[in-house]
Amino acid sequence: MTVTLDRPASDAPPRADILLDVQDLRTYFHVMDGTVKAVDGVSFSVRRGETLGVVGESGCGKSVTALTIMRLLDIPPAEIASGRILLEGKDILRLPEEQMRHLRGNEIAMIFQEPMSSLNPVFTVGNQISEAVELHLKVKHKEAVERSIEALRLVGIAYPERRIKQYPHELSGGQRQRVMIAMALSCEPKLLIADEPTTALDVTIQAQILELIRSIQQKTGTALMLITHDLGVVAEMVNDVVVMYAGRVVEHGTVDEVLLQPKHPYTEGLLASIPSKGMRGQRLNVIKGAVPNPFNMPKGCNFSPRCPYQFEPCLDLDPHVDEGGGPAAACWLWKQAPGYSIPARLHEAQVRAALRAAEASQVEVSPVLAVEAAEE
Amino acid sequence: MTTEHRAPGGGTIEDIVAVPDNEVALESLSQWQLARRRFRKHRLALIGLFIFGFMVFLAVFGPLIVPFNPMFLPGAIKAGGDQPSLAHLFGTDANGRDVFAMTINGARISVAVGLFSMIIAGVAGVTVGAVAGYFGGWVDNVLMRVVDVLFAIPFLFIILVSSRFFGKGDVLSLVLIFGLLSWPLIARLVRASFLSLREADFVDAARAVGVGDRRIAFRHILPNALGPVIVAMTLLMASNIVLESFVSFLNFGISETQISWGNALANAQGALSFGDWWWAFFPGMAIALTVIAVNFVGDGLRDALDPRSRE
């Protein structure tokens with residue numbers, strides 16, 4: 001069977017619909033031992049008012065992508081080797097630092113992973129929010145303070161008039177993350193980048209914060225780029241998904257396409273590794289092996305050493321996602337390698353084996369496998 | 001919990017976040033306020049602060065209070081001077097100068113040299129250290145090599161040479177020489193804190209809302225780096241007070257037409273062997289007392305400004 005999927009872009013949204021368009025971005029770090037290609041040819045786009053999820057394991061380049069968009073990386077050691085980042089058609093990689101500063105916080109804002117350490121311990125909460133307001137909106141201090149109070153109210157902080165006089169150490173982790181969100185949204189940016197905003201919080205607070213981000217997003221129409229490694233969060237929050245592995249996009253599509261019909265074995269592995277209730281007492285499913293050494297990337301497909309479906313072209317041809325309306329997964333199993341035909345039997349044999357194993361252990365089967373099995 | 005603070009869209013957020021009134025009503029203490037509170041619990045530091053405050057008071061008002069001008073010669077001119085007596089509390093020296101008046105008057109120069117050289121070293125050191133640590137790269141390299149050079153030359157040697165050739169034996173030149181030579185220590189300290197704080201999450205967060213370099217360096221990072229610097233500056237002041245007396249003792253410092261504690265000691269060089277202890281004892285005690293007091297204050301500040309020491 002063939003799964004035909006259209007990329008979000010080829011759904012033909014008008015260009016004006018795209019707020020942020022990242023094209024072939026490459027961010028390298030020059031370090032003592034050589035060059036780390038942390039982001040190596042990444043392309044995706046964020047539509048106005050919508051949410052893009054960026055998924056992948058630690059070290060896959062998610063955060064570096066975000067920091068590159070914000071232009072917060074120190075150059076050197078970082079180098080933006082190629083690519084364009086178009087915000088409403090304007091390439092922000094070419095903006096002088098002075099203009100970029102006006103953009104940060106004003107048009108693109110960012111929430112960080114660690115609320116505990118992202119607030120300056122020596123200033124009050126109100127000070128830090130109103131600083132952002134005063135920097136970008138030409139308002140008087142008094143008005144900035146009022147806006148800060150409003151922002152705190154918006155993020156669900158009780159008694160904001162009194163909270164603004166408090167210091168970060170007096171707030172809990174969840175409250176601090178709310179403050180960070182208030183700070184990020186105080187100037188009504190068009191794009192909010194949230195880099196694992198709930199990773200450092202406990203589970204109940206996580207749900208509240210995500211709910212908060214979503215409700216504010218609906219209210220303000222801010223587009224959201226949500227970086228996470230939690231597929232549950234993705235399923236709940238996002239419209240489109242980009243899956244990253246070792247500095248590259250291996251698959252992208254709408255959330256339904258990616259989660260229900262994963263095309264790349266890596267995505268499939270990620271989905272299979274989510275623990276479920278039926279698995280009590282079982283070993284967790286893991287993707288075998290480890291992320292490749294950044295100084296010594298495998299030839300061909302980056303994922304091939306860990307891929308259960310690996311066949312000949314994977315070892316010497318690079319199945320990089322072709323950004324010209326091409327396929328949505330960087331996988332030879334899914335797209336045709338020139339000169340090779342997809343060994344259907346191998347694939348089917350693997351799938352059947354996977355299914356048998358799954359049935360034996362009563363693991364929740366990833367839907368694509370179930371579909372294929374049913375069609376056999 | 002009242003119901004008026006309902007969050008839009010359900011109210012769940014507010015219910016969980018809201019805390020009882022009394023918690024919010026608690027006094028909000030900044031780090032500085034907390035530090036002040038911790039400092040007040042440090043008894044030795046309070047004593048030190050009191051003594052140092054007293055010395056500063058003497059330095060400012062002392063000469064107005066003391067009945068004798070030390071350059072006048074109220075006592076009799078005789079070898080060995082007079083022992084301490086009711087007329088001359090700390091005795092007199094061979095020229096008939098009143099040692100009490102000398103000690104009080106000496107405070108002015110000694111404290112001024114310590115205090116102002118500290119301020120110069122602080123301003124220069126913080127600026128250089130902040131710039132080097134924040135920008136890094138070649139800026140850091142150049143500035144730190146200058147610091148290395150200053151450290152490499154024997155400190156005392158430069159001080160003696162520069163006070164001989166540039167100093168005029170007045171307070172200002174001594175303040176400048178001490179201040180401009182002792183900032184490298186502060187600069188290294190500030191640079192080290194900046195290097196680590198530059199990577200702090202809150203710095204990234206500040207940059208992400210569009211704060212510029214200068215504001216980040218001096219408004220966001222500096223207050224966080226100031227604790228150890230303040231401690232180092234107090235200790236620097238103590239050592240500069242000692243240094244003044246030492247340099248003056250060697251006759252490279254304050255000229256003999258003025259009185260500092262170091263000068264008073266220099267004056268007593270020969271007297272000790274004749275058993276005229278009071279010439280040296282009182283100015284010496286003044287130096288020791290001030291330096292110990294300042295060190296206690298530095299110690300108290302070290303504890304108070306360390307965020308990890310929570311009472």
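Please read all numbers here as calculations on a predicted model, not as lab measurements. Note on naming: letters A, B, ... go to the chains in the order of the sequence lines (proteins, then strands), and numbering restarts at 1 for each one.
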Worksheet item: Would A:R104 and B:V209 satisfy side-chain contact (heavy atoms from CB on, under 4.5 Å), going step by step from the backbone distance to the final call?
Response: CA-CA 5 Å; A:R104 287 192 205 115; B:V209 295; over 6 Å; no
Worksheet item: Contact part of B:V211 toward chain A, heavy-atom cut-off under 4.5 Å: side chain, backbone, both or neither?
Response: both
Worksheet item: Counting a contact as any heavy-atom pair under 4.5 Å apart, which residues of residues 113-141 of chain B contact chain A?
Response: none
Worksheet item: Do other residues, nucleotides or ligands put more than 12 heavy atoms under 6.0 Å from the CZ atom of B:F151?
Response: yes
Fill in: A:M100 portion near chain B, given a 4.5 angstrom heavy-atom threshold
neither
Worksheet item: How far does CZ of B:R219 sit from CG of A:N127, to the nearest 0.5 angstrom?
Response: 6.0 Å
Practice prompt. Return yes when atom CZ of B:R145 has more than 12 non-hydrogen atoms of other residues, nucleotides or ligands closer than 6.0 Å, and no otherwise.
Written response: yes
Worksheet item: Taking atom CZ of B:F202 and atom CZ of A:F123, what is their separation to the nearest 0.5 Å?
Response: 9.0 Å
Discussion item. Tell me whether the count of non-hydrogen atoms from other residues, nucleotides or ligands lying under 6.0 Å of CZ in B:F218 goes above 12.
Written reply: yes
Worksheet item: Non-hydrogen atoms of chain B under 4.5 Å away: do they reach the side chain of A:H136, the backbone, both or neither?
Response: side chain
Worksheet item: Would B:D201 and A:S118 satisfy side-chain hydrogen bond (donor to acceptor under 3.5 Å, both in side chains), going step by step from the backbone distance to the final call?
Response: CA-CA 5 Å; B:D201 289 341; A:S118 292; 4.5 Å; no
Practice prompt. Check whether A:L135 gets within reach of chain B through its side chain, its backbone, both or neither, counting any heavy atom under 4.5 Å.
Written response: side chain
Discussion item. On a heavy-atom basis, which atom in A:M180 and which in B:A205 lie closest, and how many Å separate them?
Written reply: CE-CB, 3.8 Å
Practice prompt. Please look at B:A200 and chain A and tell me whether the side chain, the backbone, both or neither of the residue comes under 4.5 angstrom of a heavy atom of that chain.
Written response: neither
Discussion item. Could you measure the distance from the CG atom of B:D204 to the CG atom of A:L72? Nearest 0.5 Å is fine.
Written reply: 6.0 Å
Worksheet item: Can you name the nearest heavy-atom pair linking B:A208 to A:M110, along with the distance?
Response: CB-CB, 4.3 Å
Discussion item. Test of understanding: with side chain to side chain donor-acceptor pair (under 3.5 Å), list the residues that count as partners of B:R215, not counting sequence neighbours.
Written reply: A:E131
Practice prompt. Tell me, for A:I111 versus chain B, whether the close heavy atoms (under 4.5 Å) come from the side chain, the backbone, both or neither.
Written response: neither
